[in-house]
Amino acid sequence: MRTLKYLLQKEYRQIFRNKIILRMIIAMPMIQLIILPLAADYEIKNINIAVVDQDRSSFSRELVNRITAAGYFRLQQYTHSYEEAFPLLESDKADLILEIPSRFEKDLVREGKQSLLLAVNAINGTKAMVGANYLNRIIQDYNTDIKVEWKTPAMGAKMIEIESVNWFNPHMKYAFFMVPGILVLLVTMISAYMCSMNIVREKEIGTIEQINVTPVKKQYFILGKLIPFWTIGMVLFSVGLFVIGRFVYGIVPLGNILALYAYLALFLIAVLGFGLLISTYSNTQQQAMSLAFFFVMIFLLMSGLFTSIDSMPTWARWVAYSNPVSYFIEVVRMVVLKGSGFGELGQLFLVMAGFAVGFNGWAVWNYRKVS
């Protein structure tokens with residue numbers, strides 16, 4: 001244990017002596033955590049719409065007022081001719097065109113039905129789909145209000161009212177959904193990058209040769225490289241969740257904090273073991289950075305942060321299930337938003353323990369001391 005103590009003293013002094021590394025480890029992730037969730041937002045606003053109102057009735061004006069008051073749309077043009085509105089769609093100045101036909105109010109009153117034309121600019125598929133869904137919802141709500149207004153006892157009409165309740169994130173704040181996942185990715189990136197370059201740096205400056213001729217066992221050497229970044233990862237996660245998450249985004253974890261930190265400790269062991277594994281196969285820091293970047297990008301895109309794992313094709317789901325980051329993102333969201341504890345995380349603990357044993361065992365086995 002004295003040997004491990006001296007190795008840890010060496011690593012901490014080496015880390016804190018380098019001011020640039022300190023800024024990369026501490027300042028950069030915190031700034032990214034403040035900025036990225038503001039941009040990673042699935043809620044699309046400022047959708048440009050052109051309205052072709054050929055009816056100019058009280059019903060059509062009420063519908064247009066509801067659309068503009070929703071907060072999602074910007075009215076670019078209000079005209080009576082579709083030919084005047086279509087060039088806006090072609091020039092990307094409008095994302096949607098809503099055409100209200102003539103006799104809209106009369107047919108709706110007399111026949112009880114009427115059709116609307118919706119033209120969507122689908123070059124930006126996400127914006128088109130979300131914008132069309134927003135507009136359809138507004139029209140459906142308007143249609144429901146008309147039915148309620150016309151309902152009379154003589155008609156015997158009955159209305160079914162549907163009320164939605166959002167569990168775990170009642171106000172549908174995307175920051176609550178994105179911040180935990182982005183925090184996991186930042187901790188993963190810092191841990192994997194820094195740890196993967198650690199042993200390689202020893203190789204480049206020649207001190208690895210001096211260590212190899214000492215009686216230091218390779219298990220102690222690996223632990224000396226792993227423990228400092230493990231503690232740094234714990235500190236980064238704590239600052240991100242309880243300082244930035246709490247005071248910037250108002251996120252308060254609902255679940256068992258001990259369960260969250262127990263899983264974080266296991267996750268960091270797995271990720272740091274992966275970084276050490278990369279360093280054992282690399283001879284230069286450039287090689288280590290390239291390998292770490294390759295795998296971290298896969299971890300990021302296949303983690304379920306931006307797209308649901310269930311919506312991926314079968315082969316992609318297998319890749320996602322082989323990704324330790326996807327499990328930790330799920331755990332953080334379960335604890336922070338759902339209020340989960342040890343009971344709900346038992347199987348996920350076993351999976352992460354398998355990653356930790358596999359990566360670190362491989363790293364220790366692959367690191368061979370040369371006399």
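Please read these numbers as outputs of a predicted model, since none were measured by experiment. Hydrogens, waters and symmetry mates are skipped; everything else that's a heavy atom, side chains included, is used.
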Ring pair (Phe, Tyr, Trp, His ring centres under 6.0 Å) evaluation trace for Phe274 with Phe299:
CA-CA 12 Å; Phe274 180 76; Phe299 288 169; 5.4 Å; yes

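More than 12 heavy atoms of other residues, nucleotides or ligands lie within 6.0 Å of CD in Glu90, so this atom counts as buried by the packing criterion.
No hydrogens or angles considered: a donor-acceptor pair under 3.5 Å links the side chains of Glu99 and Gln54. No donor-acceptor contact under 3.5 angstrom links the side chains of Asp55 and Ser102, judged on distance only. No side-chain donor-acceptor contact under 3.5 Å links Ser282 and Gln287. Of the N and O atoms on the side chains of Thr284 and Gln286, not one donor lies less than 3.5 Å from an acceptor on the other residue.
Smallest separation of non-hydrogen atoms from Ser326 and Asn323: OG-O, 2.7 Å.
With rounding to the nearest 0.5 Å, the separation of OH in Tyr72 from CD1 in Ile47 is 9.0 Å. Atom CD1 of Ile329 and atom CE of Met178 lie 8.5 Å apart (nearest 0.5 Å). Going from atom CG of Asn143 over to atom CD1 of Ile138 covers 13.5 Å, rounded to the nearest 0.5 Å. Between atom OH of residue Tyr193 and atom CE of residue Met289 there is a gap of 5.5 Å, rounded to the nearest 0.5 Å. Rounding to the nearest 0.5 Å gives a distance of 5.5 Å between CG of Leu264 and CZ of Phe237.
With hydrogens and angles disregarded, no donor-acceptor distance shorter than 3.5 Å links the side chain of Asp95 to the backbone of Ile49.
Pairs passing the side chain to side chain donor-acceptor pair (under 3.5 Å) check and including a residue from residues 236-261, sequence neighbours excluded, read Ser238-Tyr261.
Under the 4.5 Å side-chain heavy-atom criterion for grouping Ile, Leu, Val, Met, Phe, Trp and Tyr, Leu254 is not connected to Met334 through any hydrophobic cluster.
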